[in-house]
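The analysis underlying the following values was restricted to heavy atoms, covering all of them including side chains, and did not include hydrogens, waters or symmetry mates. Count residues from 1 along the sequence.
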Amino acid sequence: QVQLVESGGGLVQAGGSLRLSCVASGTISRINHMGWYRQAPGKQRELVAVKSSGANPNYADSVKGRFTISRDNAKNTVHLQMFSLKPEDTAVYYCNAAIGITGRTGLFDYWGQGTQVTVSS
């Protein structure tokens, strides 16, 4: 019914930039929050940034000042602009959203398939 599709990952040198995008599609009635998580090999998945409707974005301390999250509500899209990338930013980045489905009550948690970001030193 609902699908999140990410794009924009890749290989970049330290100090470089990447922009991730995630589009939600399906029988969507509303979207509460949209955000990004990441998981590096051998580590737990962690929050990178999240943007809830009508609220200021929240960022992990490790990315504050380097990453910017933005939403295009009309297109059910969230972007993550990443600057000054570091090797420790290397991970699979996952899009996450809390979505209401047409004809059903409540919000449902959805995840994208993940996109690899690799930062070389």
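- Taking NZ of Lys51 as the start and OG of Ser70 as the end, the distance is 9.5 Å to the nearest 0.5 Å.
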message = I'd like to know whether Ser21 forms a side chain to side chain contact (heavy atoms under 4.5 Å, CB included) with Arg19, so could you lay out the CA-CA distance, the side-chain angles of the two residues, the decisive distance to 0.1 Å, and finally the verdict.
response = CA-CA 7 Å; Ser21 297; Arg19 186 173 187 251; 4.2 Å; yes
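- Between the CD atom in Gln13 and the OG atom in Ser120 there is a gap of 5.0 Å [rounded to 0.5 Å].
- In this structure, CG in Asn96 is found 9.0 Å from SG in Cys22, a value given to the nearest 0.5 Å.
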inquiry  = Please evaluate residues Val5 and Ser25 with respect to the criterion side chain to side chain contact (heavy atoms under 4.5 Å, CB included), reporting the C-alpha separation (whole Å), side-chain torsions for both, the decisive distance (0.1 Å), and the verdict.
reply    = CA-CA 8 Å; Val5 178; Ser25 62; 5.6 Å; no
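- Residue Tyr110 holds its OH atom at 3.0 Å from CD1 of Ile101, rounded to the nearest 0.5 Å.
- Thr90 contributes no side-chain N or O that, together with a main-chain N or O of Ala40, makes up a donor-acceptor pair within less than 3.5 Å.
- Criterion: ILVMFWY side-chain heavy atoms under 4.5 Å apart, direct or through other members. Under it, Val50 and Tyr94 are part of a common hydrophobic cluster.
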query = Between Ile31 and Val78, does a side chain to side chain contact (heavy atoms under 4.5 Å, CB included) hold up when you go through it step by step?
reply = CA-CA 11 Å; Ile31 298 178; Val78 63; over 6 Å; no
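- Considering CG of Leu85 and CG of Leu18, their distance stands at 5.5 Å, rounded to 0.5 Å.
- Val48 and Val92 fall into different hydrophobic clusters, defined by Ile, Leu, Val, Met, Phe, Trp and Tyr side-chain heavy atoms under 4.5 Å apart, directly or through other members.
- Side-chain contact between Ile99 and Asn76: absent, with no pair of heavy atoms (C-beta onward) separated by less than 4.5 Å.
- Residue Ala49 comes nearest to Leu80 through the heavy atom pair CB-CD1, 4.1 Å, listed as atom of the first residue, atom of the second, then distance.
- At a threshold of 4.5 Å between non-hydrogen side-chain atoms, the residues Ser53 and Arg71 count as touching.
- Residues Trp36 and Leu4 share a single hydrophobic cluster, defined by chaining ILVMFWY side chains whose heavy atoms lie under 4.5 Å apart.
- Under the 4.5 Å side-chain heavy-atom criterion for grouping Ile, Leu, Val, Met, Phe, Trp and Tyr, Met34 is connected to Val63 within one hydrophobic cluster.
- Of the possible polar contacts, none joining the Glu46 side chain to the Arg38 backbone as a donor-acceptor pair under 3.5 Å is found.
- To the nearest 0.5 Å, atoms CD1 (Ile69) and CE (Met82) are separated by 11.5 Å.
- Side chain to side chain, Asp72 and His79 fail the donor-acceptor criterion of an N or O pair below 3.5 Å.
- The aromatic rings of Phe67 and Tyr93 sit tilted, their planes meeting at an angle between 30° and 60°.
- No side-chain donor-acceptor contact under 3.5 Å links Gln3 to the backbone of Gly26.
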key: Evaluation steps, side chain to side chain contact (heavy atoms under 4.5 Å, CB included), between Thr68 and Tyr59   = CA-CA 8 Å; Thr68 301; Tyr59 296 94; 3.9 Å; yes
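- Closest heavy-atom contact between Gly112 and Glu6: CA-OE2, 3.3 Å.
- In the hydrophobic clustering of this structure, Leu47 groups with Trp111; members are Ile, Leu, Val, Met, Phe, Trp, Tyr whose side-chain heavy atoms approach within less than 4.5 Å, directly or through other members.
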task = Decide salt bridge (charged side-chain N to carboxylate O under 4.0 Å, His left out) for Lys64 and Asp61; before the verdict, give the C-alpha distance in whole Å, the side-chain angles of both, and the deciding distance to 0.1 Å.
result = CA-CA 5 Å; Lys64 283 181 180 177; Asp61 288 342; 3.1 Å; yes
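- Using a distance-only test at 3.5 Å, with no hydrogens or angles considered, no donor-acceptor pair links the side chain of Thr77 to the main chain of Val23.
- Using modelled atom types, one side-chain atom of Arg66 and one backbone atom of Ser84 make a donor-acceptor pair closer than 3.5 Å.
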